[in-house]
Amino acid sequence: MKQVLQQPRTGEILVLDVPAPQLVRGCVLVRIAASLVSVGTERASAEFASKNLLQKAQARPDLVREVIGKVRRDGLLSAVEAVRSRLDQPLALGYSSAGTVVGVGEDVTDIRIGDRVACAGAGYAVHAEVACVPRLLVAKLPEPSNVTFDEAAFTTLGSVALHGIRTADVGVGDIVAVIGLGLLGQLTVQMLKSCGCHVLGMDIIPDRAELASRLGADATAVAPAEFHDLCYERSRGAGVDAVLITAETHSSGPVNLAAEIARDRAIVVAVGMVGMDIERRLYYEKELDFRISRSYGPGRYDAAYEKKGRDYPIGYVRWTETRNMEAFLGLLSDGKLDLESLITHRFPIDRAHGAYDLITKRTAEPFLGVLITYPEQPDDGRILKLVEKRRADDRASGEKQVSIGLLGAGSFAVSTLLPAIKRVKGVELVGVCNATGVRSRGAAEKFGFQYCTTDEGEILSNSNISTVLIATRHHLHARQAVAALSAGKHVFCEKPLCLSEEELADIVRSYARPTTARQPFLMLGFNRRFAPMARRMKTFLLEVKEPLAMHYRVNAGYLPQEHWVNDPDQGGGRILGEVCHFVDFLLFLASSLPVEVQASSLANPGQYSGDNVVVSLRFANGSQGTIAYLANGDKSFSKERAEVFGGGAVAVLEDFRHLELVRHGKKQTMHARWRQDKGHRGECEALAAAIRTGQAVPIPFDQIVGATLATLCIQKSLASGRSISVDVAAFVDSALNSPSDE
């Protein structure tokens, strides 16, 4: 299918063929008929992307601070690579569209295939022939409906205007001023009139003021002074009851003009993107109520609402963003709004570049409502071949072949994992799968995969793929690992391996009892043990013939509670998602499996997500370790520090950039000045070598199970407040003899 994208490095608009999106739980798949170009949001995005790096830095000093912090922690080259990776990922444009439902995901019960719907949400209601949209960002068109798809494509913007009106608390007879008569302002004027308000509008472009008058405004003006006089004339000298600012400007002029024309104790609502350098005297003397309208209603920016479909009870929240969308469609169905007069341009998706030339004013032509239209029968294929198959003599066979299929092309895979794999000789990148076609194609083109897809079956069933890399979100790891092992594929799974003991038992059974003649490898992404400094540290400690005392401090930094990693259903939390790394590292240094864990957490004032913990581990050989995993520190400080004592020796590893080894009063040091190496390339080379030569998997299976089981037991210990024993052998025996294996 075709989709409109933007290159963040240059601002270039691309119309590319990408695989159709994957239908996921709680969502519907929609064949798009029309989508609205957001003049304000998308123009701002295009203008920012077209800036050079210096101009981008001046516009976003917050991002500059992040980069400087990364340079200090990880080295200049690591920071440069991270920035480049981010700038290379195309951005999906669009947030308001309409079309026909062609697929319904699990848990969606009130939408059917064939329903005509309006769609909302950046990243969901994109400019593409097919879109996958969460249920609560979809509203059905009224039936029987006289609403066209072109009209329904305005629903998101109409909901923004409607929520602004609700925020202003206006009703029949109120005198309301609207500053800014672009698309948002024109919709606001019409809806205010349908509410019985007396509406006054202003825009510095005469044609827009004239259009507002034709569409229902009681009076309009084209200059601030003229508008000031108009408002006082129509309000009999009192000033207007409410002001809705729907302009788009960096100037604070509209905000302060609003104060001048408002009556005593009136309400001013900023709906558009405007400057807010408020003149206090104006607002103070009238005791004005200044409000900011948040997009299109309650539910916006709430991941539980938008992504998980957890609606707000109507008795407590009457007008959510979904219900605002439905109300706007109701106004359209009742003939209360004239949208055809607002549509100035339509562009087929093949010529979508023209829409952006228009809104960025490269084309000197007036515009207002700009639509992108789509063919009635799009190509909604789930796989896109980019290159022909390699020559037969380029492909080894059997165990010698290292041919890769990737599941998940998110930020980590693109910025860290794939660059490391690309540097390994003898590896062939065959196919990449991601839920969204944009990321799938982006990864395929950047790293040279033969094809991209949004159907994981195209990876698991491909006989030319010997090894499956799993870099999806955490809740998918166990299922995909079992599926790949069952298909006879070697598996490299990014941590964590799973989110429960039941899933771990399933993996143990799948690995121990292969369904094919070939015994596949299972490798987990515990990269730190493959870092050059970690290897040197391990060699140094091999001379110690007594138990080790180990401490690993992690300054993890704050992660918002709404981040997907903290979602128990998708990410499992930071203990399972990240602490497993440090459990494995201590296991690696101790050369022994954990037998007991005990964990405690700091009291949570409400800001954190149970991610300030101190863990104690006891290992079978008597070694002991502690992990202090902390989210309450300063990110500018070093992130990781490991200290090991034993046998008259001390080893200290700081952020994988500085290593100190001390014995008999002699100190050895290693220092990486420009780049941090956490072992990602090393783990990929080790796995490739093992597959090619048939040697043992680089991380023994019992250590993979041991580190994973110990991390799961940390969760148990935190919940119970007790120490938890870890018996890897007993767990494996139980899994293999479990009735669920039958």
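Treat the numbers as computed from the prediction; the structure is a model and nothing was measured.
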Item to check | Derivation and outcome, side chain to side chain contact (heavy atoms under 4.5 Å, CB included), residues Lys538 and Ser591 | outcome: CA-CA 9 Å; Lys538 170 78 169 180; Ser591 300; 2.2 Å; yes

Next on the checklist: Using the rule given for side chain to side chain donor-acceptor pair (under 3.5 Å), can you reason through Arg553 versus Ser638, listing the C-alpha separation, both sets of side-chain angles and the distance that settles it, and then say yes or no?
Outcome noted: CA-CA 10 Å; Arg553 185 270 296 154; Ser638 70; 3.0 Å; yes

Next on the checklist: Taking side-chain hydrogen bond (donor to acceptor under 3.5 Å, both in side chains) as the criterion, tell me which of His475, Arg473, Lys308 meets it with Asp569.
Outcome noted: Lys308

Next on the checklist: Tell me every residue that passes ring-ring contact (aromatic ring centres under 6.0 Å, His included) with Phe447, counting only those two or more places apart in sequence or in another chain.
Outcome noted: none

Checklist entry - Are any of the side-chain heavy atoms of Leu736 and Arg509 separated by less than 4.5 Å? => result yes

Checklist entry - So, Asn621 side chain and Ser623 main chain: donor-acceptor pair closer than 3.5 Å or not? => result yes

Checklist entry - Passes side chain to side chain contact (heavy atoms under 4.5 Å, CB included), Thr708 versus Cys498? Steps please. => result CA-CA 8 Å; Thr708 302; Cys498 58; 3.8 Å; yes

Item to check | Where Ala409 and Val414 come nearest, the two heavy atoms and their spacing | outcome: O-CG2, 3.6 Å

Checklist entry - Under 30°, 30 to 60°, or over 60°: which ring-plane class applies to Phe582 and Tyr552, parallel, tilted or perpendicular? => result tilted

Item to check | N/O donor-acceptor pair under 3.5 Å between Ser440 side chain and Val432 backbone | outcome: yes

Next on the checklist: Would Gln450 and Glu428 count as a side chain to side chain donor-acceptor pair (under 3.5 Å) here? Give the steps.
Outcome noted: CA-CA 9 Å; Gln450 296 172 20; Glu428 182 182 30; 3.0 Å; yes

Item to check | Pairwise distance CD1(Ile714) to NZ(Lys716) - rounded to 0.5 angstrom | outcome: 12.5 Å

Please list, one pair per line, the donor and acceptor atoms closer than 3.5 Å that link side chains of residues 695-707 to other protein atoms, with sequence neighbours excluded.
from   : atom 1 : to     : atom 2 : distance (Å)
Gln703 : OE1    : Arg529 : NH1    : 3.2
Gln703 : OE1    : Arg529 : NH2    : 2.8

Checklist outcome for this item: Correct closest heavy-atom pair for Ala631 and Arg574 would be CB-NH1, 3.7 Å

Item to check | Residue that, paired with Glu640, satisfies side chain to side chain contact (heavy atoms under 4.5 Å, CB included) out of Glu654, Lys678, Gln676, His581 | outcome: Lys678

Next on the checklist: To check you understand the geometry: which heavy-atom pair defines the closest contact between His551 and Ala628, and what is its length?
Outcome noted: CE1-CB, 4.0 Å

Item to check | Asp107 side chain vs Gly26 backbone, donor-acceptor pair below 3.5 Å | outcome: no

Next on the checklist: As an exercise, state the distance from CG of Asp634 to CG of Asn555, rounded to the nearest 0.5 Å.
Outcome noted: 7.5 Å

Checklist entry - Does the side chain of Val650 come within less than 4.5 Å of Glu643's, by heavy atoms? => result no

Next on the checklist: Tell me whether Asp611 contacts the main-chain N or O of Gly573 through its side chain, where contact means a donor paired with an acceptor under 3.5 Å.
Outcome noted: no

Next on the checklist: With a 6.0 Å cut-off (strictly less than), is the heavy-atom count around NZ of Lys307, excluding the residue itself, greater than 12?
Outcome noted: no

Checklist entry - Gln519 side chain to Tyr511 main-chain N or O, any donor-acceptor pair under 3.5 Å? => result yes

Checklist outcome for this item: The side chain to side chain contact (heavy atoms under 4.5 Å, CB included) partner of Asn527 among Arg681, Glu683, Lys495 is Glu683

Checklist entry - Run the side chain to side chain donor-acceptor pair (under 3.5 Å) check on Thr453 and Asp455 step by step: do they pass? => result CA-CA 6 Å; Thr453 181; Asp455 181 359; 5.5 Å; no

Checklist entry - Just wondering, do Glu456 and Gln480 contact through their side chains at under 4.5 Å, heavy atoms? => result yes

Checklist entry - Can Val615 and Tyr629 be said to form a side chain to side chain contact (heavy atoms under 4.5 Å, CB included), step by step? => result CA-CA 8 Å; Val615 180; Tyr629 184 86; over 6 Å; no

Item to check | Residue pair Phe656 / Ala531: nearest heavy atoms and the distance that separates them | outcome: CD2-CB, 3.6 Å

Checklist entry - CG/Leu524 to CZ/Phe492 distance, rounded to the nearest 0.5 angstrom? => result 7.5 Å

Checklist entry - Sub-3.5 Å donor-acceptor pair from the side chain of Asn612 to the main-chain atoms of Asn632, do we have one? => result yes

Checklist entry - Atom CG in Asp567, atom CD in Glu562: separation rounded to 0.5 Å? => result 11.0 Å

Item to check | Side chain proximity check, Leu136 to Glu306, heavy atoms < 4.5 angstrom | outcome: no

Checklist entry - Hey, does Cys684 have a side-chain heavy atom less than 4.5 Å from the side chain of Met523? => result no

Checklist entry - Does some side-chain heavy atom of Arg536 sit less than 4.5 Å from a side-chain heavy atom of Leu659? => result yes

Checklist entry - Looking at Pro21 and Cys132, what are the two nearest heavy atoms and their distance? => result CG-N, 3.9 Å

Next on the checklist: Using a 3.5 Å distance criterion without hydrogens, assess whether the side chain of Ser466 forms a donor-acceptor pair with backbone atoms of Ser403.
Outcome noted: yes

Next on the checklist: A side-chain contact here means heavy atoms from C-beta on lying under 4.5 Å apart; do Phe619 and Leu548 qualify?
Outcome noted: no

Next on the checklist: Between Ser734 and Ala730 (side chain of the first, backbone of the second, donor and acceptor by atom type, cut-off under 3.5 Å), is there such a pair?
Outcome noted: no

Checklist entry - Would you say the side-chain atoms of Lys489 pair up with the backbone N or O of Ala483, donor to acceptor, closer than 3.5 Å? => result no

Next on the checklist: Measuring only between side-chain heavy atoms, which start at C-beta, is Phe521 closer than 4.5 Å to Ile691?
Outcome noted: yes

Next on the checklist: Quick check for you: to the nearest 0.5 Å, what is the distance between Leu617 atom CG and Leu587 atom CG?
Outcome noted: 9.0 Å

Item to check | Closest contact, heavy atoms only, Phe530 versus Gly682 | outcome: CB-C, 3.9 Å

Checklist entry - Do side-chain atoms of Thr454 reach the backbone of Gly437 as a donor and acceptor pair under 3.5 angstrom? => result no

Checklist entry - Taking atom CD of Gln598 and atom CG of Leu718, what is their separation to the nearest 0.5 Å? => result 10.0 Å

Next on the checklist: Let's go through Arg663 and Val544 carefully: what are the C-alpha distance in whole Å and the side-chain angles of both, what is the deciding distance for side chain to side chain contact (heavy atoms under 4.5 Å, CB included) to 0.1 Å, and is it a yes or a no?
Outcome noted: CA-CA 11 Å; Arg663 180 185 283 122; Val544 178; 4.0 Å; yes

